[in-house]
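When reading the values below, keep in mind they use all heavy atoms of this one structure, side chains included, and skip hydrogens, waters and symmetry mates.
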Amino acid sequence: MVREIKREELDKLLLLYTHLHEDGVPEENEHLRQVWDRICSDEDHHIIVCEIDGEIVSSVVCVVIPNLTRNVRPYAFVENVVTHSAHRGKGYATACLDYARDIAVKENCYKMMLLTGSKKESTLHFYENAGYNSSDKTAFIQWLG
């Protein structure tokens, strides 16, 4: 089942993120709770999950960003695409990306963007199959402290 995350599922999401790039689950503290509350309160911030047998096995973040160009149409940014390593190759991340696209269409976004740090052909092919291309734009990253 693909859906948006529930406020009480933070622990499940953080555990899934260990399959992305985190070394472990962040410490439960006031800062973490404040950030989570802020995310949950933001109607433009969507955390999409795929749940199988009560376990969150895949997730995508989709943020709709208001914009003053392109006929004042927003755009969507996709980040933190992850599937639990034991559940990869079953279409769960694709289903989450499709759900994100449905949100972007509903919000009248004129484009969706995502970045990946992966250079693996299989990952790049996955995003191409999901409808993304790497030829229209050039991405630059500036890492901050």
Separation between SG (C50) and CG (L16), nearest 0.5 Å, reads 10.0 Å
According to the ring-ring contact (aromatic ring centres under 6.0 Å, His included) rule, which pairs have a member within residues 118-145, sequence neighbours left out? none
Other residues, nucleotides and ligands only: do more than 12 of their heavy atoms fall within 6.0 Å of CD on E8? yes
Membership question, hydrophobic clusters at under 4.5 Å side-chain separation (ILVMFWY): are V78 and Y75 in the same one? no
With sequence neighbours left out, write down each residue that passes salt bridge (charged side-chain N to carboxylate O under 4.0 Å, His left out) with E28, or none if nothing qualifies. R33
S59 side chain to I48 main-chain N or O, any donor-acceptor pair under 3.5 Å? yes
Under the side-chain contact (heavy atoms from CB on, under 4.5 Å) test, residues paired with V105 that sit two or more places apart: R101
Does R73, at its CZ atom, have more than 12 non-hydrogen atoms belonging to other residues, nucleotides or ligands within less than 6.0 Å? yes
State, with a plain yes or no, whether a side-chain heavy atom of L124 is found less than 4.5 Å away from one of S134. no
Looking at E30, I want to see if its CD is surrounded by more than 12 non-hydrogen atoms of other residues, nucleotides or ligands under 6.0 Å. yes
Find the distance between CG (D37) and CG (D42) and round it off to the nearest 0.5 Å. 12.5 Å
I103 side chain near E4 side chain, heavy-atom distance below 4.5 Å: yes
Does L15 offer a backbone N or O that forms a donor-acceptor pair with the side chain of T18 under 3.5 Å? yes
Do the side chains of Y17 and I5 join up, straight or via other hydrophobic residues, at under 4.5 Å, putting them in one cluster? yes
The criterion is side-chain contact (heavy atoms from CB on, under 4.5 Å); which residues satisfy it with A76, sequence neighbours excluded? C62, A104, C109, M112
For the CG atom of N108 and the CG atom of N67, what is their distance to the nearest 0.5 Å? 11.0 Å
Do I47 and M113 sit in one hydrophobic cluster, given that two such residues count as connected whenever their side-chain heavy atoms are within less than 4.5 Å of each other, even indirectly? yes
Interatomic distance, NZ@K6 vs CD1@I56, rounded to 0.5 Å, equals 9.0 Å
If a pair satisfies ring-ring contact (aromatic ring centres under 6.0 Å, His included) and one of its residues is in residues 80-103, list it, with sequence neighbours excluded. H19-H84, H84-H87
CG (N29) with more than 12 external heavy atoms under 6.0 Å: yes
How close do P26 and L32 get, counting heavy atoms only, and between which atoms? O-CD2, 4.4 Å
Count I, L, V, M, F, W, Y as connected when their side-chain heavy atoms are under 4.5 Å apart, and connections chain through other members. Are V57 and L20 then in the same cluster? no
If two hydrophobic side chains count as joined below 4.5 Å and joins carry through other members, does I52 share a cluster with V82? no
By side-chain contact (heavy atoms from CB on, under 4.5 Å), S135 pairs with (sequence neighbours left out) N133
Measure the spacing between NE2 of H45 and CD of E79 and express it to the nearest 0.5 Å. 9.5 Å
Give, for atom CG of D102 and atom CG of L97, the distance between the pair rounded to the nearest 0.5 Å. 11.0 Å
Begin from the C-alpha positions of T123 and T116 and carry the test side chain to side chain contact (heavy atoms under 4.5 Å, CB included) through to its verdict. CA-CA 9 Å; T123 302; T116 181; 4.0 Å; yes
Check whether any side-chain heavy atom of W36 lies under 4.5 Å from a side-chain heavy atom of R7, and answer yes or no. yes
Do E51 and R3 come close enough that some side-chain heavy atom pair is under 4.5 Å? yes
Test applied, side-chain contact (heavy atoms from CB on, under 4.5 Å); reference residue, F77; option that passes from V64, L114, I65: I65
